[in-house]
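The next block holds one structure in the form of structure tokens; read it before the comments.
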Number of protein chains: 2
Amino acid sequence: MKDSKPTSLDIAHLAGVSQPTVSRALRNSPLVSKETREKIQAIARELNYKVDVNASNLRSQSTKTLALLLCEDPGDSMINPFFLSMLGSITRAAAKEGYDLLVSFQQLSEDWRADYEDANKANGIIFLGYGDYTQYIDRISRLDQAGAHFITWGPVVPGQPGHFLGCDNTLGAYEATQHLIQLGRKHIAFIGDTSDDCPEFQDRYRGYLKALSEHGLKYNQQLHASANSTETMGFDATQTILERTEPFDSVFCCSDLMAIGTIQCLRENGYSVPDDIAVVGFDDIPTASHMTPPLTTVQQDTIKAGELLVENILSLINGEHIESRLLPPQLIIRKSCGS
Amino acid sequence: MKDSKPTSLDIAHLAGVSQPTVSRALRNSPLVSKETREKIQAIARELNYKVDVNASNLRSQSTKTLALLLCEDPGDSMINPFFLSMLGSITRAAAKEGYDLLVSFQQLSEDWRADYEDANKANGIIFLGYGDYTQYIDRISRLDQAGAHFITWGPVVPGQPGHFLGCDNTLGAYEATQHLIQLGRKHIAFIGDTSDDCPEFQDRYRGYLKALSEHGLKYNQQLHASANSTETMGFDATQTILERTEPFDSVFCCSDLMAIGTIQCLRENGYSVPDDIAVVGFDDIPTASHMTPPLTTVQQDTIKAGELLVENILSLINGEHIESRLLPPQLIIRKSCGS
DNA sequence: TAAGTCGCTGAATACGTATGCACGCTATTG
DNA sequence: CAATAGCGTGCATACGTATTCAGCGACTTA
């Protein structure tokens with residue numbers, strides 16, 4: 001019983017072979033005979049031997065690790081549950097490919113490539129984040145120029161540097177708005193930050209406008225309030241609209257979190273949801289189906305998204321070409337729109 | 001402009017010193033003169049040089065990385081928002097100490113120590129999880145015997161192997177229950193799995209019973225239903241109690257997620273919250289304050305918890321002794337109990 | 001002036017693995 | 001039988017850093 005961790009050399013001695021053979025055997029190299037391989041693997045299992053990833057990575061110059069950067073305001077303890085789903089599915093997808101996941105919520109440095117790839121901490125970077133986009137775009141551009149391997153979950157903006165994977169926000173918003181219209185709603189408020197900071201919300205805004213115009217409804221500036229994706233911002237934006245005393249019969253919220261705030265605000269002002277005012281959200285976070293009333297919303301397939309993000313980043317690492325693409329959203333109809 | 005990543009040797013050449021001096025300078029060793037050190041650091045900054053963590057770790061035999069294991073059912077895409085808060089605060093606390101965080105949601109292997117410490121992926125492991133505890137306890141024991149560095153967020157059970165940090169669940173539940181009693185509620189239902197699988201809920205159960213008995217109320221088996229921490233389980237458990245037709249005027253839910261399901265169920269059965277039935281939860285997840293009605297609940301200080309978890313695991317890594325301890329909870333009074 | 005001290009630097013080496021290359025052995029072919 | 005090919009293995013080395021030890025100059029002290 002040795003006191004220190006076993007190395008491939010220890011295994012080699014025990015198996016009566018050389019260290020390189022052990023290395024090959026453990027990586028299932030076809031170069032080593034089946035007999036030898038199994039013998040070595042048995043001994044390794046016996047000793048509970050694990051390859052030292054540092055030595056392995058140093059030699060092979062490739063860390064089997066991905067970095068996940070969550071670009072949310074770190075000061076706020078609230079993080080969108082939607083990203084938690086993504087985090088879960090990305091972790092699982094990465095694990096399936098034999099990759100570990102390094103998670104960070106903050107931006108300690110200006111140069112992510114240096115922090116992760118140059119430091120050999122990770123072979124690729126996945127970005128996740130709602131909003132505050134302009135804050136990051138130059139850093140992303142720099143990454144692209146530096147030839148880093150990274151992919152961003154977000155809107156596919158033509159001409160933008162880097163690779164993107166996102167949900168078809170325009171389509172999702174279009175379908176949700178259309179649904180409200182088909183239920184007879186004519187004065188549909190819109191809550192969400194449509195500045196360049198939030199290209200995702202901009203896309204949803206486009207879908208909203210498209211549905212309005214296709215059904216002959218006029219856009220009303222008075223029913224539009226900016227908000228980022230938190231309950232509180234949704235609450236406040238709704239309050240703002242209510243104070244304008246412009247009548248409305250429904251609200252399209254750019255995220256479920258905002259919808260939660262919106263519903264709370266409407267209730268506190270004496271409105272019933274959905275009888276007086278219908279509400280739809282976006283994301284289909286787990287809570288959506290358990291609210292009162294259950295929230296009609298646009299579902300993004302986080303499982304699929306996580307798998308594709310990992311698959312794409314691995315392709316990039318392997319030097320393959322990938323296309324930015326959009327995933328189809330799905331309208332989930334529940335009670336909050338009164339259907 | 002070299003095409004490959006700069007190494008400490010490159011810096012050494014440029015600075016006209018040897019590689020060891022570069023290594024020392026970059027680690028702020030007092031052995032190297034201020035003059036030389038600043039010169040080297042300037043060049044390193046210039047080249048955007050980053051220490052190769054693999055080489056560094058290999059040499060020093062210490063990865064500046066912690067592993068975070070989330071023991072939730074991986075099949076379920078729903079993850080308790082409470083853990084997300086913890087994840088955020090742990091990430092930040094780890095970053096402040098210069099540690100990276102490796103996150104995993106699944107239990108790919110039976111032997112976590114081998115997976116992380118022996119493989120030199122991480123120096124320590126932090127566990128996070130609600131319930132299914134018995135499923136992990138033997139693995140935790142094995143870790144303890146193997147001398148691994150790990151700490152678990154959870155109840156402090158005397159005699160249990162390993163180190164724990166948790167919230168004073170008994171006290172929290174006691175205060176919440178007492179609050180209901182003081183508001184005049186006399187028939188308080190209890191929702192939560194009190195089997196050995198959930199020692200945290202067992203502690204909350206104790207606090208609940210203590211409050212009842214101290215105020216001369218009798219425990220009623222009919223008002224007790226088991227549930228794990230999801231909205232759906234909370235819904236179902238509430239339905240079960242309702243079907244027993246035993247009258248009750250309030251519910252203590254072992255988690256906010258269950259409270260959400262409980263409130264939904266009560267509403268669908270025509271009860272008003274809090275007028276007919278008051279509800280309190282546990283955790284104070286972000287949604288709690290934005291529900292209708294806002295949820296009275298027991299807050300756990302996730303920021304403090306994350307910091308202490310990291311602080312403690314680092315102490316363990318440094319060979320110091322640590323004591324398991326409990327953090328004080330705080331009752332957050334909102335509208336769902338009708339105060 | 002010789003011995004000792006202090007401050008700084010470089011030479012040598014180790015960390016544990018992966019891989020290019022050469023080598024020996026057996027089987028095949030002409 | 002010689003030449004060739006194929007298979008399995010070992011030798012040597014490289015990955016980039018951190019640390020031990022020795023050395024060197026300058027400076028103090030007797």
Side-chain angles (χ1 to χ4, degrees), chain A residues 2-41 43-44 47-65 98 114 116-121 123, chain B residues 2-41 43-44 47-65 98 114 116-121 123:
Chain A
K2 286 194 55 174
D3 49 353
S4 58
K5 282 186 276 200
T7 72
S8 56
L9 202 58
D10 297 329
I11 313 254
H13 289 153
L14 287 172
V17 298
S18 70
Q19 180 271 326
T21 302
V22 172
S23 172
R24 283 189 272 254
L26 293 177
R27 316 187 101 251
N28 284 318
S29 161
L31 289 176
V32 55
S33 73
K34 188 172 172 229
E35 202 177 344
T36 320
R37 193 192 323 155
E38 287 174 352
K39 181 174 167 193
I40 291 174
Q41 290 182 344
I43 296 178
L47 292 190
N48 225 330
Y49 166 81
K50 294 283 165 179
V51 173
D52 183 314
V53 290
N54 290 315
S56 174
N57 291 343
L58 173 59
R59 171 60 229 238
S60 59
Q61 291 296 74
S62 109
T63 106
K64 296 274 271 182
T65 304
Y116 290 98
E117 293 206 51
D118 287 349
N120 263 333
K121 281 186 188 174
N123 281 336
Chain B
K2 285 194 53 173
D3 48 352
S4 58
K5 283 185 276 201
T7 70
S8 56
L9 202 58
D10 297 328
I11 313 259
H13 289 151
L14 287 172
V17 298
S18 70
Q19 179 271 327
T21 302
V22 172
S23 172
R24 282 188 274 253
L26 295 177
R27 318 190 101 250
N28 284 318
S29 160
L31 288 177
V32 55
S33 74
K34 187 169 173 234
E35 202 177 344
T36 320
R37 193 193 321 156
E38 286 175 354
K39 180 175 169 194
I40 292 175
Q41 291 182 344
I43 296 179
L47 292 190
N48 224 331
Y49 166 82
K50 293 283 164 179
V51 172
D52 183 316
V53 289
N54 290 314
S56 175
N57 290 343
L58 173 60
R59 171 62 230 238
S60 60
Q61 291 294 74
S62 110
T63 106
K64 296 274 273 181
T65 304
Y116 290 97
E117 292 207 50
D118 287 349
N120 264 335
K121 283 185 188 174
N123 280 336

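Just so it is clear: chains get the letters A, B, ... in the order the sequence lines come, proteins before strands, and each one is counted from 1. For the numbers below, each heavy atom of this structure counts, side chains included, while hydrogens, waters and symmetry mates do not.
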- Task: Classify the nucleic acid contact of Val22(B) as base, sugar-phosphate or nothing, counting any heavy atom under 4.0 Å across all strands shown.
- Result: nothing
- Note on the structure: note: Lys39(A), atom NZ; dG8(D), atom P; distance rounded to Å ~ 16 Å
- Task: Provide the closest heavy-atom pair for Leu58(B) versus Leu58(A) in the form atom of the first, atom of the second, distance.
- Result: CD2-CD2, 3.4 Å
- Phosphate OP1/OP2 of dA18(D) contacted by Ser56(B) side-chain N/O (<4.0 Å): yes
- Task: Between Ala55(B) and Thr36(B), name the one whose nearest nucleotide on DNA chain C is closer to the 5' end.
- Result: Thr36(B)
- Return the value, rounded to whole Å, for the distance between atom CG of Asn57(A) and atom P of dC15(C). 19 Å
- Return the minimal non-hydrogen interatomic distance between Ser8(B) and Gln19(B), and the atom names on each side. OG-CG, 3.3 Å
- Message: Tell me whether the side-chain N/O atoms of Thr21(B) come closer than 4.0 Å to OP1 or OP2 in dG10(C).
- Response: yes
Short heteroatom pairs, N/O only, protein and nucleotides 11-13 of chain C, under 3.5 Å:
none

- Message: Testing the basics here: between Ala44(B) and Ile11(B), what is the closest heavy-atom pair and its distance to 0.1 Å?
- Response: CA-CD1, 3.7 Å
- Note on the structure: Tightest non-hydrogen contact, residues Thr63(B) and Asn120(B), listed as CG2-O, 2.9 Å
- Message: Can you see if the side chain of Ser8(A) gets near the phosphate of dT17(C) - specifically, an N or O under 4.0 Å from OP1 or OP2?
- Response: yes
- Nearest-Å distance for atom pair CG/C1', residues Leu58(B) and dA18(D): 10 Å
- Message: Nearest whole Å is fine: how far is dC15(D) C1' from Asn120(B) CG?
- Response: 16 Å
- Task: Output yes when a side-chain donor or acceptor of Gln41(A) lies under 3.5 Å from a complementary backbone atom of Leu26(A), and no otherwise.
- Result: no
- State, without any angle test, whether Asn54(B) and Gln61(A) hold a side-chain donor-acceptor pair at a distance under 3.5 Å. no
- Query: Lys39(B): what forms a salt bridge (Lys or Arg N to Asp or Glu O under 4.0 Å) with it, not counting sequence neighbours?
  - Reply: none
- Query: What is the distance from CG of Leu31(A) to P of dC7(D), rounded to the nearest Å?
  - Reply: 10 Å
- Message: For the helix from dT1(C)-dA30(D) to dG30(C)-dC1(D), what angle separates the axis at the start from the axis at the finish, each from five pairs, in steps of 10°?
- Response: 50°
- Task: Would you please confirm or rule out a distance under 4.0 Å between OP1 or OP2 of dT17(D) and any side-chain N or O of Tyr49(B)?
- Result: yes
- What integer distance in Å separates Lys5(B):NZ from dC15(D):P? 13 Å
- Heavy-atom closest contact (Asn57(B) atom, Lys64(B) atom, distance): OD1-N, 4.1 Å
- Task: Work out which heavy atom in Ser60(A) is nearest to a heavy atom in Ser56(A); give both atom names and the distance.
- Result: OG-O, 2.7 Å
- Query: Expressed in angstrom and rounded to an integer, what is the separation of Lys34(B) atom NZ from dT9(C) atom P?
  - Reply: 14 Å
- Query: Hey, what do you get for NZ (Lys50(B)) to NZ (Lys121(A)), rounding to the nearest 0.5 Å?
  - Reply: 8.5 Å
- Query: So, is Gln61(B) close to the dG16(C) phosphate, meaning a side-chain N or O under 4.0 Å from OP1 or OP2?
  - Reply: yes
- Task: Using a cut-off of strictly less than 4.0 Å, decide whether Ser33(A) has a side-chain nitrogen or oxygen near OP1 or OP2 of dT9(D).
- Result: yes
- Message: Measure CG/Asp52(B) against P/dA14(D) and give the value in whole Å, please.
- Response: 17 Å
- Query: Nearest to the side chain of Val32(A), which nucleotide is it out of dT9(D), dA18(D), dG16(D)?
  - Reply: dT9(D)
